[in-house]
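Small disclaimer: the values here were computed from a predicted structure and weren't measured. Numbered from 1 within each chain, the chains take letters A, B, ... in sequence-line order.
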Amino acid sequence: MSDAPESSERAADHLKARRDKLDSLQAAGEDAFKVMFERSHLIGNIPELVPDLEPGGESDLKVRIGGRLMAFRRQGKLVFADLADASGKIQLLAQANRLGDRFAGLDDLDIGDWVGAWGPVIRTKRGELSVALEGFDILTKGLRPLPEKWHGLKDVEGRYRQRYLDLIANPEARTVMMARSSAIAFIRTWLQERRFIEVETPMLQPIHGGALAKPFTTYHEALNMNLFLRVAPELYLKRLVVGGVERVFEVNRNFRNEGVSVRHNPEFTMLEAYQAFADYNDMATLLEGMVSEAAQATCGSMKVPYQGEILDLTPPFRRARLIDLVREAGADPDGDLVADCRRLGVKVDPNWSWGKLLLEIYEKKVERNLLQPTFVMDYPKEVSPLARSHRSDPRFTEHLDLVIAGMEVGVAYSELTDPIDQRNRFEAQIDDSDDEAHAVDEDFLKALEYGMPPTGGLGFGIDRFLMVLTDQASIREVILFPALRPEEGVTPPAAPKAPGVKENGTDLDGLKAAIKASIPEIAEAVVAAMPEIGASAARRAADDAAHRAAETPTAARSAERRAPHDPGVIPQLLVVGTGKVASSLARLAERSGFHVRVAAGPDAYSVGEFEGADEVIVTPEPQDVEALRPDASTYVAICSEVNEFAEEVLQTLMATDVPYLGVMLKKGKAAGAFKRLGKLGFSEAQIARVRMPIGLALRSQSPEEIAISILAEIVSVRRGGLQSSSTPG
RNA sequence: GGGUUGCUAGCUCAAUUGGCAGAGCAGGGGACUCUUAAUCCCAAGGUUCCGGGUUCGAGUCCCGGGCGGCCCA
């Protein structure tokens, strides 16, 4: 819950009664948050200690137990309550005659309180095992009511955001958590029994590799370098195999900067294992042994229910070649796959390779129907850049997926050990480079050149396996704290500082600041001495400094006001936002001779990769005109998602005399936005200057095209050229 | 990113064609010595996620926004 005044005010009603009880306890000198309470027994252990207790009987066993009060049933001078600790739940029986004066103290108790209680174990007349209270203490006073006792906490969002309430109210949540713990513990032990060594390898990696996935980026200040959160530990574990660690594994988190779904969380837990003198067939055997025995250990059976089906995890699992599965789906791998795709309703690009088409048909038509555990063998070479070529069919690699319940749960390779082949594959990927491509990891290649033995490797998605074991349809049910957007009104933390570090690690920001602070001659000298670190950017900064130095502040301002397209003035572009359009625009504008400043809002967690920006202003106060430095030569493009920061920057800049103020909006949102501005009290003239939606109407689609339309509009304004067709009115 | 769907008291849910926002549990007061979803009586509890609009009148219809669920990409 937020601590915002309004919400605590609203909460006051239902909290007041409990606060009053707390106050009266404390007024009576009682500590409502005790430091300790010695327990003699765990609740769950009590029943077996009094096996023969008859209804109405009292045992010799006296216990001191502690737990959370879960229910409270008053019956005049007799009170029943339920007390639960991590091991179980038991009834408390409070009788006026046994408790004496302390009986009145029951009024201070609320459901949800942590309570210590002591007395003999009895069985009530109705047969319920109970502790007959001789005394009790409030250990911790609960100040908020628990969710409803019968229905529990059902709201999915509430269950994820307040998992502690889910754990208190819903036994299922505890079951899943415990299953996860025991399955992971089982897998660790199982592998160690087979002589696998558990290791930990870097999560912060200078080069991300081992999987085709978009990484999270972060920045190390002391080392002045960008780092990636790992998408996989693969390349480090393989280094260990080179080092002679013949059987090695790691169970830990991977991070992938991709969407969330019922099967995807940005951070997830992965087992990777490598075994020297083994191939992917051996890894398949290892996987099916591990999966079946973990199911037996966790669920008590190798046949587990999943979403209305029974999954039979008894080994051996079905093995099927991918090409054969595609054939079964009705396509002819030797014929015209594009035509087959069209017939099967699989959308494809006709330029795709044979292997890509095969994979597409498999993923769209086969995978989700593979309910029972299946090893899908031999991926086409074009789509499996990390596995070694198949020993008998060069079209394929020795790469298999383990599919359970239509989900990719595991993967295994005969690992590529040839450093030359590996280099070629890395470089081939750079050629058709995209977000997911690997950089060439020279250090890893060097390790391979020392020689890696024949090796099999596997990856195993712990979260998805837990979904199978606990019959959960969503990965969020097996991750205690799944990724969620912050609730409305909760301000995300400020973005970390991420100076404009370029690939070579030179601190351009520092250099530019130094240049601006010094006289132009020194700046020129620096540029001359260090041409390789971005001479054009530095030169413009020098020109800028020279220009500013030549004028008094007042004179400079008036000179700039004279004409925005005065050839003597370097045009400034202030880009608000750090998305794809913003970065494309920054690059284009930088090359077009603009001095580019980027204002990163609070949603920008990493701006380290902002090439094209001459300056990055990290999370300025949106009302801070000084930080934004708008002037008569500053063109402003607000390209962020609509958010509070962008909104406030817009309102700040509307009061200035910038020559261009554009706002990127979703289609059809402009009218509403103009209306809102009108309500905020801006004049019609001020509003008319705002270009919404931003950019010339070029029917732009991609971020790059949108950036072009924005820059084109800015140029047209600067040169006094065509009237923008997207100007309102 | 697109589609769809949800958001009403602390919790679980109602509210008919647009017509006085209700109940159960929890919480407050009272009765009760064998209850266990206790029961009975009384009283209280609301920014219907937020902002606009239509209307005599909006929880309900329309537009925009926020945060979720599901499906698709």
Under 4.0 Å, heavy atoms only, any strand: does [X] hit a base, just the sugar-phosphate, or nothing?
{"X": "A:Arg263", "answer": "nothing"}
{"X": "A:Gly152", "answer": "sugar-phosphate"}
{"X": "A:Leu146", "answer": "nothing"}
{"X": "A:Lys77", "answer": "base"}
{"X": "A:Val262", "answer": "sugar-phosphate"}
{"X": "A:Ser474", "answer": "sugar-phosphate"}
{"X": "A:Asp155", "answer": "sugar-phosphate"}

Take atom [atom1] in [N] and the same atom in [M], then report the distance between them in whole Å.
{"N": "B:C49", "M": "B:G69", "atom1": "C1'", "result": "16 Å"}
{"N": "B:C41", "M": "B:U48", "atom1": "P", "result": "31 Å"}
{"N": "B:C32", "M": "B:C11", "atom1": "P", "result": "34 Å"}
{"N": "B:C25", "M": "B:C20", "atom1": "C1'", "result": "26 Å"}
{"N": "B:C56", "M": "B:A14", "atom1": "C1'", "result": "27 Å"}
{"N": "B:U33", "M": "B:G22", "atom1": "P", "result": "37 Å"}
{"N": "B:U5", "M": "B:G45", "atom1": "P", "result": "36 Å"}
{"N": "B:C63", "M": "B:G18", "atom1": "P", "result": "16 Å"}

With sequence neighbours excluded, tell me which residues meet side-chain hydrogen bond (donor to acceptor under 3.5 Å, both in side chains) with [X].
{"X": "A:Asp110", "value": "A:Lys21, A:Lys141"}
{"X": "A:Arg68", "value": "none"}
{"X": "A:Asp52", "value": "none"}

[X] has an atom [atom1]; how far is it from atom [atom2] of [N], in whole Å?
{"X": "A:Glu157", "N": "B:C67", "atom1": "CD", "atom2": "P", "value": "10 Å"}
{"X": "A:His264", "N": "B:C71", "atom1": "NE2", "atom2": "P", "value": "12 Å"}
{"X": "A:Gln472", "N": "B:C70", "atom1": "CD", "atom2": "C1'", "value": "16 Å"}
{"X": "A:Gln307", "N": "B:C71", "atom1": "CD", "atom2": "P", "value": "10 Å"}
{"X": "A:Arg159", "N": "B:U12", "atom1": "CZ", "atom2": "P", "value": "11 Å"}
{"X": "A:Arg144", "N": "B:A9", "atom1": "CZ", "atom2": "P", "value": "15 Å"}
{"X": "A:Glu258", "N": "B:G1", "atom1": "CD", "atom2": "P", "value": "15 Å"}
{"X": "A:Glu148", "N": "B:G45", "atom1": "CD", "atom2": "P", "value": "21 Å"}

When you check the side-chain N and O atoms of [X] and [Y], is any donor under 3.5 Å from an acceptor?
{"X": "A:Asp166", "Y": "A:Tyr160", "answer": "no"}
{"X": "A:Glu267", "Y": "A:Asn254", "answer": "no"}
{"X": "A:Gln472", "Y": "A:Glu172", "answer": "yes"}
{"X": "A:Gln91", "Y": "A:Arg73", "answer": "yes"}

Given [options], which nucleotide is nearest the side-chain atoms of [X]?
{"X": "A:Ile111", "options": "B:G68, B:A73, B:A26", "value": "B:A26"}
{"X": "A:Pro147", "options": "B:C34, B:C67, B:C11", "value": "B:C11"}
{"X": "A:Phe80", "options": "B:C72, B:G69, B:C34", "value": "B:C34"}
{"X": "A:Asp110", "options": "B:G68, B:C34, B:G27", "value": "B:G27"}

Which residue, A:Gln75 or A:Lys347, contacts RNA chain B at a nucleotide closer to its 5' end, judged by nearest heavy atom?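 Mapping each residue to its closest nucleotide by heavy atoms, the 5'-most match is A:Gln75.
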Quiz item: Closest nucleotide of RNA chain B for A:Arg476 versus for A:Lys21: which of these residues is on the 5' side?
Solution: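 Per heavy-atom nearest nucleotide, the more 5' residue is A:Lys21.
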For [N], give its Watson-Crick or G-U wobble partner with both distances under 3.5 Å, or none.
{"N": "B:A58", "value": "none"}
{"N": "B:C70", "value": "B:G3"}
{"N": "B:G22", "value": "B:C13"}
{"N": "B:U48", "value": "none"}
{"N": "B:G27", "value": "none"}

Checklist entry - Which one of A:Val403, A:Leu325, A:Leu322 satisfies the side chain to side chain contact (heavy atoms under 4.5 Å, CB included) criterion with A:Val366? => result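 In the set A:Val403, A:Leu325, A:Leu322, the residue that makes a side chain to side chain contact (heavy atoms under 4.5 Å, CB included) with A:Val366 is A:Leu325.
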Enumerate the salt bridge (Lys or Arg N to Asp or Glu O under 4.0 Å) contacts for residues 86-104 of chain A, please, sequence neighbours excluded, ordered by first and then second residue.
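Listed by first then second residue: A:Glu58-A:Arg98.
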- Would you kindly check whether a donor in the side chain of A:Glu128 faces an acceptor in the base of B:U36, or vice versa, at under 3.5 angstrom?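 Between B:U36 and A:Glu128, which were checked side chain against base, a qualifying N/O pair under 3.5 Å is present.
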Worksheet item: Taking only residues two or more places apart in sequence, or in another chain, which ones meet A:Tyr362 in a ring-ring contact (aromatic ring centres under 6.0 Å, His included)?
Response: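 In terms of ring-ring contact (aromatic ring centres under 6.0 Å, His included), with neighbours along the sequence ignored, A:Tyr362 is linked to no residue.
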Within residues 63-74 of chain A, which residues have any heavy atom lying less than 4.0 Å from an atom of RNA chain B?
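Residues of residues 63-74 of chain A that come under 4.0 Å of RNA chain B are, in numerical order, A:Arg73, A:Arg74.
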